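Reading through the structure tokens given below for one structure.
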Amino acid sequence: MCGIVGYIGKRNNAADIVVNGLKRLEYRGYDSAGVAAIQDGGMHVLKRAGKVNDTEELLRSTPLTSGLAIGHTRWATHGNPTDLNAHPHSDNLNEIALVHNGIVENYQVIKAKLLKEGYTLRSETDTEVLTVFIRSLYDKLGGDLVEATRLALTEVRGAFGIALISTLEPDKIIVARRGSPLLVGIGDGEFIVASDAAAVIQHTRQVIFLEDNEMAIVSHTGYKTKTIDNRTINSRIHQIEYDLESIEKGGYDHFMLKEIYEQPSTFRDAFRGRLLEDEGRVRLGGLSRVAEKLRNAPRIIFTACGTSFHAALVGEYMIEQLARIPVEVEYASEFRYRNPVLREDDVIFAISQSGETADTLAAIREAKLKGASALGIVNVVGSTIARETEAGVFIHAGPEIGVASTKAFTSQLCVLSLLALYLGRMRDLSRKEGIEIVKAIQKIPDQIESILAQAETIREIAQLYKDSPNFIYLGRGYNYPVALEGALKLKEISYIHAEGYPAAEMKHGPLALIDEHMPVVFIATQDELYEKVLSNIEVVRARRGRVIAIANEDDDRITELADHVITIPNTLPHLTPVLSVLPLQLLAYYIAVLRDCNVDMPRNLAKSVTVE
Ligand code: F6R
């Protein structure tokens, strides 16, 4: 949510480097963008509402020669997405420029103080207040930008990731974080600061991650890190594993489509090296230090948001079925505030693609405070949740750039199926059953390929229904969370209202919505609830609803009932969601494209929700 990039170093096109970095972060926010650079001792700020391309145009008409710049792509929190509210913000004398991710919760109090002291504010943003606040402390101290920044941050409540530069001390970028990710890339004679590694890897793979309440002072020749309460620290250098190719579109029209098509390989990457076929079990190295805790856990809690929450719901069914351990699934935003009952031997898993979602992070901090063990199922290595959990399993899906999560979901399901098998084999699940599951998992990548090969059929269905104002998605058992996920995909990228329900719940209310204009997507695979789902389809047909069914390949009965059938191969019931979600991802994608929606940057949304 919002992207920050900064450059200091030997090259003199710092502003261009920053704008290029912002393009890689645009999926984090695209309401406005801007860049500030110091050229010939003066501060130059170019910014405007709109996409990074618009700022790039500004830069083309006003080129900047500079070895020091910061930039921002914004997802608006305080103030409308206007030119004035765009970042960077500067102080009254245009000598300090600052970019900020997060929310300064007490900005009204600080603002009142500043106005009393005679400072003026032009925008509606909390960020400008913070910039002017730092300026006011700088004036009071009679110099010392680092100390002024540090003191300001000790008074700020809320979340922030910031980067600032100043003509007063034009030899440094100051960055700091609390609750919003920031890293420093260490190049050859140059440093690139960013809120996300995607902006850095073009230049270097060596990074340090700032922890909460830490700041870094980055100069042309090196960097120093310390805590906001002024203790010097030594930050470890990490190596970023993924390459540039993985954050580019690679010939696809959209990142979302590329990521949908990556799923055969990302699913394989999630189980690679983890299956022990002959023993019918899995090896999860990241959990070995908590194996005993997991063996004795009386209860498992999953906490997550959005798509990751839907994966958690599937995980609940998997673990309860295979390992017979009670599982609870909690929205992180609810869990963190409702004083949940936790016991010391409870194990809580945070599921998060980004590893930075503010609510999920707060939920595990709350759980840890209450003595529970917090573990992670995370995609981004080095992310805050990955660092703050005691142990965990990476899903290894690679960078996910499309705002609508696709490959991360199926990789989360893969890891959850491994976890269920791991826990099951610690309990009653037999070796024979384990072998059967391992074999089924190994077949999934090819099965995914066969579903993706039906893309054209799905596009034709999308064409027929693209103008429907509403959709209903229905499924039972393992396919109920898939119905939720299908509806979420459609609404977030095509702006069509869609609801997901457990199919049998339909008669308790939603049935009233059915008429000949209502498309109803049934996930009707041949599991133990199949007959019941067929009855649910009959009920919808009797009200003239239009039925789109996701069914198994050898299912002849469904073709008589449904208006359209998209088939998926057979697998074990608990692995079905991995396959049944794919047509729904493609359906949402094609409908959005046909409606001319910006698939990778849906309105009002951004990847990685680092604010509450
Ligand atoms: C939907 C989507 C979001 C995320 C949610 C959690 O397509 O991407 O609902 O799933 O914001 O994000 P992570 O998994 O990064 O914690």
Side-chain angles (χ1 to χ4, degrees), residues 1-11 14 17-18 20-28 68-73 99 101-102 160-165 172-227 232-248 352-356 361 376 378-389 394 396-401 607-608 610:
M1 200 155 249
C2 299
I4 287 178
V5 186
Y7 176 90
I8 184 164
K10 59 189 179 190
R11 289 187 266 174
I17 296 169
V18 163
N20 281 332
L22 290 179
K23 283 190 188 162
R24 302 224 181 261
L25 299 193
E26 208 169 10
Y27 68 113
R28 302 248 172 211
L68 176 61
I70 53 172
H72 190 259
T73 175
V99 292
N101 291 350
F160 55 80
I162 61 158
L164 90 153
I165 56 173
K172 60 177 76 86
I173 302 182
I174 302 172
V175 289
R177 79 161 266 181
R178 183 189 297 150
S180 203
L182 258 182
L183 53 90
V184 180
I186 305 161
D188 177 15
E190 58 187 10
F191 297 88
I192 303 98
V193 300
S195 52
D196 181 324
V200 164
I201 54 167
Q202 195 174 352
H203 309 286
T204 178
R205 280 153 184 278
Q206 308 245 296
V207 299
I208 58 163
F209 294 105
L210 289 193
E211 299 291 345
D212 272 352
N213 295 309
E214 289 182 1
M215 56 195 294
I217 301 96
V218 188
S219 71
H220 285 270
T221 50
Y223 63 88
K224 279 194 196 119
T225 47
K226 61 176 174 175
T227 60
T232 306
I233 43 172
N234 280 325
S235 304
R236 196 161 75 80
I237 297 178
H238 296 256
Q239 183 82 13
I240 300 169
E241 299 297 342
Y242 62 84
D243 53 23
L244 204 55
E245 206 177 81
S246 61
I247 55 167
E248 290 183 337
S352 174
Q353 185 284 125
S354 61
E356 301 292 351
L361 182 57
V378 171
N379 189 28
V380 180
V381 178
S383 59
T384 312
I385 294 176
R387 295 202 303 275
E388 290 199 13
T389 41
F394 285 113
H396 297 311
E400 190 178 65
I401 310 286
K607 196 84 179 158
S608 184
T610 52

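Please read all numbers here as calculations on a predicted model, not as lab measurements.
For Lys172, the salt bridge (charged side-chain N to carboxylate O under 4.0 Å, His left out) partners are Glu169, not counting sequence neighbours. Under the side-chain hydrogen bond (donor to acceptor under 3.5 Å, both in side chains) criterion, Thr204 pairs with no residue, sequence neighbours left out. With sequence neighbours excluded, the residues that form a side-chain contact (heavy atoms from CB on, under 4.5 Å) with Thr389 are Ile364, Ala374, Ile385. Listed by chain and number, the residues in a side-chain hydrogen bond (donor to acceptor under 3.5 Å, both in side chains) with Asn20 amount to none (sequence neighbours excluded). Residues passing the salt bridge (charged side-chain N to carboxylate O under 4.0 Å, His left out) test with Glu26: none are found, sequence neighbours excluded. Every side-chain hydrogen bond (donor to acceptor under 3.5 Å, both in side chains) that Asp196 has, sequence neighbours left out, goes to Tyr27, Arg28. Residues meeting the side-chain contact (heavy atoms from CB on, under 4.5 Å) test with Thr225, sequence neighbours left out: Ile208, Leu210, Ala216, Tyr223, Ile233, Ser235. Residues that satisfy the ring pair (Phe, Tyr, Trp, His ring centres under 6.0 Å) test with Phe209, not counting sequence neighbours, are His238. Scanning for salt bridge (charged side-chain N to carboxylate O under 4.0 Å, His left out) contacts around Glu356 gives an empty result, with sequence neighbours left out. With sequence neighbours excluded, no residue forms a side-chain hydrogen bond (donor to acceptor under 3.5 Å, both in side chains) with Gln202. For Glu248, the salt bridge (charged side-chain N to carboxylate O under 4.0 Å, His left out) partners two or more places apart in sequence, or in a different chain, are Arg24.
Under a cut-off of 6.0 angstrom, the local environment of CD in Glu245 is sparse, with at most 12 non-hydrogen atoms contributed by other residues, nucleotides or ligands.
Expressed to the nearest 0.5 Å, how far CZ of Arg236 lies from CD of Glu211 amounts to 10.0 Å. Taking CD1 of Ile192 as the reference point, atom CG of Leu183 lies at 10.0 Å (rounded to 0.5 Å). In this structure, the separation between OG1 on Thr227 and CG on Asp212 is 12.0 Å, given to the nearest 0.5 Å. To the nearest 0.5 Å, atoms OG (Ser354) and CD (Glu400) are separated by 9.5 Å. Ile173 contributes atom CD1, which lies 5.5 Å from atom CD1 of Ile8 (distance to the nearest 0.5 angstrom).
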Begin from the C-alpha positions of Glu214 and Lys226 and carry the test side chain to side chain contact (heavy atoms under 4.5 Å, CB included) through to its verdict. CA-CA 6 Å; Glu214 289 182 1; Lys226 61 176 174 175; over 6 Å; no
Set out, in order, the CA-CA distance, both residues' side-chain angles and the distance that settles side chain to side chain contact (heavy atoms under 4.5 Å, CB included) for Asn101 and His72, then state yes or no. CA-CA 9 Å; Asn101 291 350; His72 190 259; 3.0 Å; yes
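Listed for the Asn379 side chain is a donor-acceptor partner under 3.5 Å among the backbone atoms of Ala397. Arg178 contributes no side-chain N or O that, together with a main-chain N or O of Phe160, makes up a donor-acceptor pair within less than 3.5 Å.
Shown here for Ser180 and Gly102, the closest heavy-atom pair between the two residues is OG-N, 4.5 Å. For Ile165 against Ile70, the heavy-atom pair with the smallest separation is CG2-CG2, 3.8 Å. Scanning all heavy atoms of the two residues, the minimum distance from Val18 to Tyr7 falls at CG2-N, 3.8 Å. Considering every non-hydrogen atom in both Leu22 and Gly71, the closest pair reads CD2-C, 3.7 Å. The shortest heavy-atom contact between Ser383 and Val378 is OG-CG1, 3.4 Å. Closest non-hydrogen pair, Met215 versus Ala176, comes out as CB-CB, 3.7 Å.
You'll find the side chain of Arg177 stays beyond 4.5 Å of the side chain of Ile4, heavy atoms only.
When each of Arg11, Lys10, His203 is tested with Glu190 by the rule side chain to side chain donor-acceptor pair (under 3.5 Å), just one qualifies, namely Arg11.
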